Amino acid sequence: MKTKTYSEVWDLDVFFKGGSSSPELRSHLDSLHLKLDSFEKTLTTFDIPKSSADAEKIAFVISETKNVAENLSQAGAVVGCYLAQDTTDKKANMLQGEIGSIGARFSSSMLVIQQQLSKTEENVWTTLMDSEQLKEFSFVLNEWRDEAKELLSEKEEDMITALGVDGYHGWGQLYDLLVGDVKVRVTVDGEEKEFSVGQASNLSSHSDETVRKEAHYALENAWTEKEEFFAKALNHMAGFRLAVYKKRGWDSVLKEPLQMNRMKQETLDAMWGAISNHKQPFVDYLKRKSEMLGTSAMNWYDLDAPVTASTEKVSYQEGAEFILKHFGKFGPELEQFSRKAFEDEWIEAEDRPNKRPGGFCTGMPLSQQSRIFMTYSGTMSNVATLAHELGHAFHSYALRPVHWMNRQYAMGVAETASTFAEMIVADAAVKEAKSAEEKLALLEDKIQRSVAFFMNIHARFLFETRFYDERKKGLVSATRLNELMEEAQREAFGNGLEEVHPHFWASKLHFYITRVPFYNFPYTFGYLFSLSIYAKAIEEGSSFEEKYIALLRDTAIMSVEDLAMKHLGEDITKHAFWEKGIALCIQDVEEFLELTSSKG
Ligand SMILES: [Zn+2]
């Protein structure tokens, strides 16, 4: 079979020709303004439903909502891609501001709908939810109604949304700008070169300790130099959030993120509780790794260090083919879908300057397509990231037959499909290893994922909860933020680290995402949740794909507790569920310790 050469640069022209100066995009936005005008007009006559006869009218409003939302998402996603591929794109920056304002207006309209629905009398509501037109949307509508009851008056919420454009989201955008501006100089292969944050971060897995260390300190210095700017942004974002919560009478900063994740506090507690009880094997792993690296203790800058010399570069093409081969073993749909994503240039992976750091997947609903963004530098971990983002895209694909209203899945389950895809590739890589050295490197790559989810992300969660606690009492200085981060990292890594990364709070984009608070625990949730799905997939073979797609289709219409019960028959508010997933990860560590016992 002849294989195609896949482009490392994505195609965005298929949506709007000409990038951020595109006339097509301009007219799309102009017509979006008009659509929103007429939507807002429709809503001026949208009263509190009085009887079951109003079902028709609500259904109409839902279809209008879908229309505006899809057009808005389409523009937002494409402009987000423009900015990610070139952080210096000033026009895209302007467009992002414009789309932000449209988004705020749209959110206000959504609130009007939610407020009106929340005032519906209980008996009318029950008949509406049973009606032919609305039955399909009852989970989401009930959720809206419940949430609206917790909000302030329409006028007040309206004002919060409007002020949030500049007083909240603006801080997040400022962060992106600041990071794009950070350049560090690192000597690699005897030559000093300038690196963007994304490129310098990729050096954390460089085989040369000097390079890793130099990149780490160059970044730490860069963050230190600008720490006041980052501290300012972080404090004001958090301050805005807390002020809003206080006005609404919400005590816990976790209320919103839990609600957004359709998750109970008990579930979150059970998850972190089970993880905290099983840190030791991972601490043992860190210790062994530091011995293998010839250092007395594990340091932050060595966490991603390769443990063997066989760190072969994987070309983009090879990486793509590896992914497709193993996706194919799991299920035909995932493979065919991903092949198309490669062929149709859905992926931006080129290693070049001025790109935003990190990776993401975004959906263009009007075109029923997704786009994947990352910087591919040829490591197996990059291949896994690519698989991860393809998993996200596959989730959107699985949801294609589902109405927009029932497609709005939360982050925890969003990370399920991505982690699942990543796991297929990571596991396959270990099993297919051609030498003991390679096997070790790949096994380690897998364990590093557990370290990331059980330790690194746990540290982020601990930091964020503690930071919020202190922020309630006033501004938190950069020095204090460093202390809080250091404490969180020491604890989350089970005291397995000597040198930590105090400025991590400045370096990690996730703390500055305004759309989603607590952009951390859902990752760990998704990881462990998908591990149990993965275990079932191995048991059942490729016939499992149908069930897997059914689970993905249900991800936006029930709580995570119900989803696990329906599709997996598991109670996730109990430690026992989480321990099963953790046990799989501990097996990897045990295998690693055994393979390396002579090297210790
Ligand atoms: Zn993800």
Side-chain angles (χ1 to χ4, degrees), residues 201 204 216 219-220 223 234 238 253-254 257-258 261 263 265 267-290 297-305 411-412 415 419 444 446-471 476 480-513 517-529 531 575 578-579 581-586 588-589 592:
S201 299
S204 70
H216 173 77
L219 283 167
E220 263 289 330
W223 305 123
L234 192 63
V253 289
L254 287 171
L258 283 170
N261 283 288
M263 189 188 298
Q265 176 84 48
T267 300
L268 184 62
D269 293 343
M271 182 183 88
W272 286 134
I275 289 169
S276 296
N277 288 346
H278 297 282
K279 295 258 180 185
Q280 196 52 47
F282 302 98
V283 177
D284 295 343
Y285 151 76
L286 292 178
K287 186 161 184 296
R288 175 64 52 82
K289 178 163 176 170
S290 72
M298 182 47 79
N299 295 304
W300 186 280
Y301 52 77
D302 281 338
L303 280 171
D304 297 339
M411 191 186 160
E415 290 307 331
T419 317
E444 213 249 344
K446 245 184 120 203
I447 298 168
Q448 279 184 319
R449 222 161 273 121
S450 300
V451 170
F453 292 117
F454 303 157
M455 294 172 140
N456 186 327
I457 289 182
H458 195 196
R460 300 180 203 182
F461 177 78
L462 293 173
F463 165 81
E464 215 166 13
T465 37
R466 290 164 189 174
F467 159 61
Y468 269 94
D469 267 348
E470 296 204 3
R471 182 65 187 84
V476 184
R480 183 63 188 146
L481 288 168
N482 292 335
E483 281 169 15
L484 283 173
M485 185 52 87
E486 179 164 352
E487 264 171 46
Q489 287 173 344
R490 295 211 179 281
E491 183 181 333
F493 282 81
N495 286 314
L497 287 180
E498 190 156 284
E499 185 125 2
V500 288
H501 182 7
H503 281 92
F504 188 70
W505 59 270
S507 78
K508 199 71 208 170
L509 163 82
H510 293 180
F511 294 118
Y512 300 84
I513 293 174
F518 276 80
Y519 206 86
N520 40 59
F521 70 82
Y523 273 115
T524 306
F525 174 91
Y527 179 59
L528 282 174
F529 191 63
L531 268 182
H575 274 210
W578 301 102
E579 274 161 355
I582 297 167
L584 288 177
C585 306
I586 292 176
D588 291 337
V589 174
F592 180 89

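Quick caveat: nothing in here was measured; it's all calculated off a predicted structure.
A distance of 10.5 Å separates CZ in F453 from CE in M271, rounded to the nearest 0.5 Å. Rounding to the nearest 0.5 Å places NZ of K279 at 10.5 Å from CG of N495. Separating the CD atom in E220 from the NE2 atom in H501 is a distance of 5.5 Å, to the nearest 0.5 Å. To the nearest 0.5 Å, atom CD of residue E491 and atom CG of residue L462 are 5.0 Å apart. We find the CZ-CH2 distance between F493 and W300 to be 4.5 Å, quoted to the nearest 0.5 Å. Between the CG atom of L286 and the CE atom of M455 there is a distance of 5.0 Å, given to the nearest 0.5 Å.
Contact check on K508 versus E464 returns no salt bridge, with no Lys/Arg side-chain nitrogen under 4.0 Å from an Asp/Glu carboxylate oxygen. In summary, R480 and E483 engage in a salt bridge, as defined by a charged side-chain N under 4.0 Å from a carboxylate O. For the pair E486 and R490, the salt-bridge criterion is met [side-chain N within less than 4.0 Å of a carboxylate O].
Although no hydrogens or angles enter the test, the distance criterion places a donor-acceptor pair under 3.5 Å between the side chain of N261 and the main chain of P257. Of the possible polar contacts, one joining the S204 side chain to the S201 backbone as a donor-acceptor pair under 3.5 Å is found. Judged purely by atom type and a 3.5 angstrom limit, K287 has no side-chain atom pairing as donor or acceptor with the backbone of G496.
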Chi angles and distances behind the side-chain contact (heavy atoms from CB on, under 4.5 Å) call for W505, H503:
CA-CA 5 Å; W505 59 270; H503 281 92; 4.2 Å; yes

From CA spacing to verdict: side-chain contact (heavy atoms from CB on, under 4.5 Å), F525, E415:
CA-CA 8 Å; F525 174 91; E415 290 307 331; over 6 Å; no

In sequence, state the C-alpha distance, the side-chain angles, and the governing distance for V589 and S450, and then conclude on side-chain contact (heavy atoms from CB on, under 4.5 Å).
CA-CA 10 Å; V589 174; S450 300; over 6 Å; no

Any chance you could lay out the side-chain contact (heavy atoms from CB on, under 4.5 Å) test for T465 and F518, step after step, and finish with the verdict?
CA-CA 9 Å; T465 37; F518 276 80; 3.7 Å; yes

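For E499, there are no salt bridge (Lys or Arg N to Asp or Glu O under 4.0 Å) partners two or more places apart in sequence or in a different chain.
Of all heavy-atom pairs spanning F461 and N520, the tightest one is CD1-OD1, 3.6 Å. The two atoms that bring M298 and S290 nearest to each other are N-CB, 3.5 Å, heavy atoms only. Taking all atoms of both residues into account, the shortest heavy-atom contact from K289 to L303 is NZ-O, 2.6 Å. When all heavy atoms are compared, the tightest approach of L497 to N299 is CD2-C, 4.2 Å. Smallest separation of non-hydrogen atoms from P502 and Q489: N-OE1, 4.2 Å. A pairwise comparison of heavy atoms in A506 and W223 identifies O-CZ3, 3.8 Å as the closest pair.
A ring pair (Phe, Tyr, Trp, His ring centres under 6.0 Å) with W272 holds for exactly one of H458, H278, H575; it is H458. When W578, F454, F521 are each tested for a ring pair (Phe, Tyr, Trp, His ring centres under 6.0 Å) with Y527, only one passes: F454.
Checked against the 6.0 Å centroid criterion, the rings of F463 and F511 qualify as a close aromatic pair.
Taking the side chain as every heavy atom from C-beta outward, Y519 and L509 never approach each other to under 4.5 Å.
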